[in-house]
Amino acid sequence: VHSVSSCFMKGSLTRASDGNFAPATAAAIAMSRSSTRRERINAYIHSCFTKRDFNECLRKIEEQLKATNGQSEYPLYIKALILRQQGRIEESLTTFQAALCLNPTNVNNLKQVGRSLYLLGRHKLALEVFDEAELLNSEDREVWHNKGMCYLYMKNYDKSLEAFDTANSIQRSDVTLSQMGRVFRLIGREEDALNAYMEALESCPENPELLTTVGLLFLKLGNNTKAFEYLGNSLTYDPKSAKTILAAGSIIQDNQDMDVALVKYRVAAMQTPNSAQLWNNIGMCFFGKGKYVAAVACLKRAVYFTPFEWIISYNLGVVHLTTGQYASAFHYFSTAINLQPTYARAYTYLALALARLEDFENSCAAYDKALELGEDYLTLLNYAVTLYSNDEIEKARKLFQRFEAVIKAHGEDNSSDVDADVRVQADLLRKALQ
């Protein structure tokens with residue numbers, strides 16, 4: 001489309017001898033008027049789009065496309081954007097492709113075709129389109145970012161990181177840095193992920209989602225103080241975020257402040273009443289308060305929402321074991337083990353339930369499996385107690401010696417991590433074995 005000024009430069013406003021404009025000048029004037037009219041229509045379409053008046057925008061687009069027999073690039077481009085926002089991705093892709101046919105060298109058209117293919121899950125085709133866009137403009141940050149996203153979903157994490165690095169070298173963006181953090185987490189590089197998210201926070205320190213992600217990473221890395229700090233900052237900007245409340249509540253719960261945690265969870269329950277993780281945490285709060293009936297009710301509700309979440313079945317087993325319902329405890333620990341066969345404590349508690357049900361042989365087998373997965377002081381002590389109760393004194397003595405060695409090696413003899421009941425039972429067994 002030529003500008004008005006460029007059209008007038010092609011011919012002067014001289015008149016022919018009959019008083020009319022010369023043919024070349026008349027053509028220039030006609031082209032100028034057509035160009036000006038098209039620009040006005042495009043400006044109106046753009047105005048409607050930015051105001052989100054999509055009905056009027058689409059009406060004007062269809063009117064313009066009918067007048068130009070579909071040969072108008074900008075109306076096609078805006079129409080495709082509207083179709084995508086309405087969730088009609090296939091139609092959006094077709095419309096972007098029509099705009100691309102009119103102007104194959106427009107990198108924006110190529111990017112939008114690639115974006116539509118990406119949203120349809122056709123990542124390999126999308127990547128090919130972004131490669132073409134890169135040939136037109138290798139310094140376009142969005143092209144490299146989108147290539148990184150395609151590689152991410154194709155599980156080619158190394159190339160994904162390379163593409164994100166290139167995008168950031170052109171122009172740093174919190175979105176790209178967040179995706180880099182996501183890739184680092186997927187490949188187990190938690191420290192690198194944290195660095196990427198912290199760098200993203202520098203450009204948008206009030207982003208609650210980023211603050212929550214950083215808080216969760218600190219929580220995973222065992223730094224509860226930092227985790228609570230960032231989760232608290234996130235709640236300042238988004239006080240109703242269920243994900244953040246759940247994480248902050250779990251830290252409060254770990255510090256044995258059950259009532260405060262329950263207050264937090266009450267807010268989250270208003271936002272996500274069907275969250276299995278939320279009801280699991282609420283149930284364990286009630287367990288910590290000694291309200292076992294309420295705990296079981298909440299945990300069973302959590303199981304209803306997510307029946308294949310092993311930790312919920314495990315927690316139900318713990319509650320039933322505590323209340324002396326050993327058959328139910330056995331059932332839930334068995335379920336937890338089937339879903340997560342590498343968690344040693346589940347075998348330990350399963351062995352305890354079997355011992356209470358007087359199944360000594362299977363109890364010992366469960367203890368042995370737990371010790372295969374890791375030499376835990378709690379497993380060793382309970383196994384020794386079970387052996388002593390069944391007159392296996394020598395075996396009990398050997399296991400108790402291993403228990404004391406583990407406690408000493410980890411420096412946990414005076415640690416607050418060792419429960420007072422464990423110390424009492426260890427003292428009683430030590431005296432009995434002397």
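In what follows, residues are counted from 1 in the order of the sequence shown.
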Practice item. Using the side chain to side chain donor-acceptor pair (under 3.5 Å) rule, take Y349 and N382 through it: C-alpha gap first, then chi angles, then the decisive distance, then the call. Key: CA-CA 9 Å; Y349 290 135; N382 281 300; over 6 Å; no
Practice item. Using the side chain to side chain contact (heavy atoms under 4.5 Å, CB included) rule, pick out the option among E39, E56, Q64 that qualifies with Y44. Key: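 Answer after filtering E39, E56, Q64: E56.
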With a sphere of 6.0 Å drawn around [atom1] of [X], does it hold more than 12 non-hydrogen atoms of other residues, nucleotides or ligands?
| X | atom1 | value |
| --- | --- | --- |
| K264 | NZ | no |
| F287 | CZ | yes |
| E190 | CD | yes |

Is it the case that the side chain of [X] and the backbone of [Y] share a donor-acceptor pair, with hydrogens and angles ignored and the cut-off at 3.5 Å?
| X | Y | answer |
| --- | --- | --- |
| Y347 | F333 | no |
| H46 | N42 | no |
| D376 | L378 | yes |
| N280 | A276 | no |
| W144 | S138 | yes |
| T379 | E375 | no |
| N106 | N108 | yes |

As an exercise, state the distance from [atom1] of [X] to [atom2] of [Y], rounded to the nearest 0.5 Å.
| X | Y | atom1 | atom2 | value |
| --- | --- | --- | --- | --- |
| Y118 | L127 | OH | CG | 12.0 Å |
| K66 | S72 | NZ | OG | 15.5 Å |
| R356 | S389 | CZ | OG | 8.0 Å |

Restricting to non-hydrogen atoms, name the atom on [X] and the atom on [Y] that form the minimum distance, rounded to 0.1 Å.
| X | Y | answer |
| --- | --- | --- |
| L387 | C364 | CD2-SG, 4.2 Å |
| C57 | I78 | SG-CG2, 3.8 Å |
| V175 | H145 | CG1-CE1, 3.7 Å |
| Y237 | P205 | CE1-O, 4.3 Å |
| L350 | S334 | CD1-OG, 3.8 Å |
| L316 | V303 | CD1-CG2, 3.6 Å |

Taking atom types as modelled and ignoring hydrogens, do the side chains of [X] and [Y] form a donor-acceptor contact shorter than 3.5 angstrom?
| X | Y | value |
| --- | --- | --- |
| T176 | R141 | yes |
| S116 | R84 | yes |
| N109 | E73 | yes |
| T342 | Q340 | yes |
| T105 | N103 | yes |
| Y292 | T322 | no |

Compare all side-chain heavy atoms of [X] with those of [Y] and state whether any distance is below 4.5 angstrom.
| X | Y | result |
| --- | --- | --- |
| N137 | K111 | no |
| I61 | T95 | no |
| L380 | F400 | no |
| E134 | T166 | no |
| L221 | K226 | no |
| I187 | D192 | no |
| S363 | Y383 | no |
| T213 | R185 | yes |

Exercise for review: Apply salt bridge (charged side-chain N to carboxylate O under 4.0 Å, His left out) to E63 and R59, showing your working.
Suggested key: CA-CA 6 Å; E63 183 183 296; R59 185 195 68 77; 3.1 Å; yes
Review point. Taking it one step at a time, do N274 and T272 satisfy side chain to side chain donor-acceptor pair (under 3.5 Å)?
Key: CA-CA 5 Å; N274 298 333; T272 54; over 6 Å; no
Exercise for review: Please list all pairs passing the salt bridge (charged side-chain N to carboxylate O under 4.0 Å, His left out) test where one or both residues lie in residues 231-251, with sequence neighbours left out.
Suggested key: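 Listed once each, the pairs would be none.
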Practice item. Only pairs at least two apart or in different chains count here, so list each side chain to side chain donor-acceptor pair (under 3.5 Å) that has a residue in residues 150-161. Key: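 Listed by first then second residue: Y153-R182.
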Review point. Please, which pairs that meet side chain to side chain donor-acceptor pair (under 3.5 Å) have at least one residue in residues 194-207, sequence neighbours excluded?
Key: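 Pairs touching residues 194-207 that pass the test: R172-E199.
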Practice item. Output, in order, the C-alpha distance, side-chain angles, deciding distance and verdict of side chain to side chain contact (heavy atoms under 4.5 Å, CB included) for F286 and L262. Key: CA-CA 9 Å; F286 283 125; L262 283 170; 4.2 Å; yes
Check your understanding: For Y230, what residues pass the ring-ring contact (aromatic ring centres under 6.0 Å, His included) criterion, not counting sequence neighbours?
Key ->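 Once residues adjacent in sequence are excluded, the partners of Y230 under the ring-ring contact (aromatic ring centres under 6.0 Å, His included) criterion are F218.
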Point to revise | Partner set under salt bridge (Lys or Arg N to Asp or Glu O under 4.0 Å) for R430, not counting sequence neighbours | key: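 For R430, the residues satisfying salt bridge (Lys or Arg N to Asp or Glu O under 4.0 Å) (neighbours in sequence not counted) are E404, D427.
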Per-pair distances, 0.1 Å, donor-acceptor, side chain in residues 246-260, under 3.5 Å, sequence neighbours excluded:
unit_1	atom_1	unit_2	atom_2	d
S250	OG	A247	O	2.6
Q253	OE1	Y265	OH	2.7
Q253	NE2	N281	O	3.2
N255	ND2	I251	O	3.3
D259	OD1	K289	NZ	2.7

Check your understanding: Parallel, tilted or perpendicular for Y332 and H320, by the 30°/60° rule?
Key ->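 Rings of Y332 and H320: parallel, under 30°.
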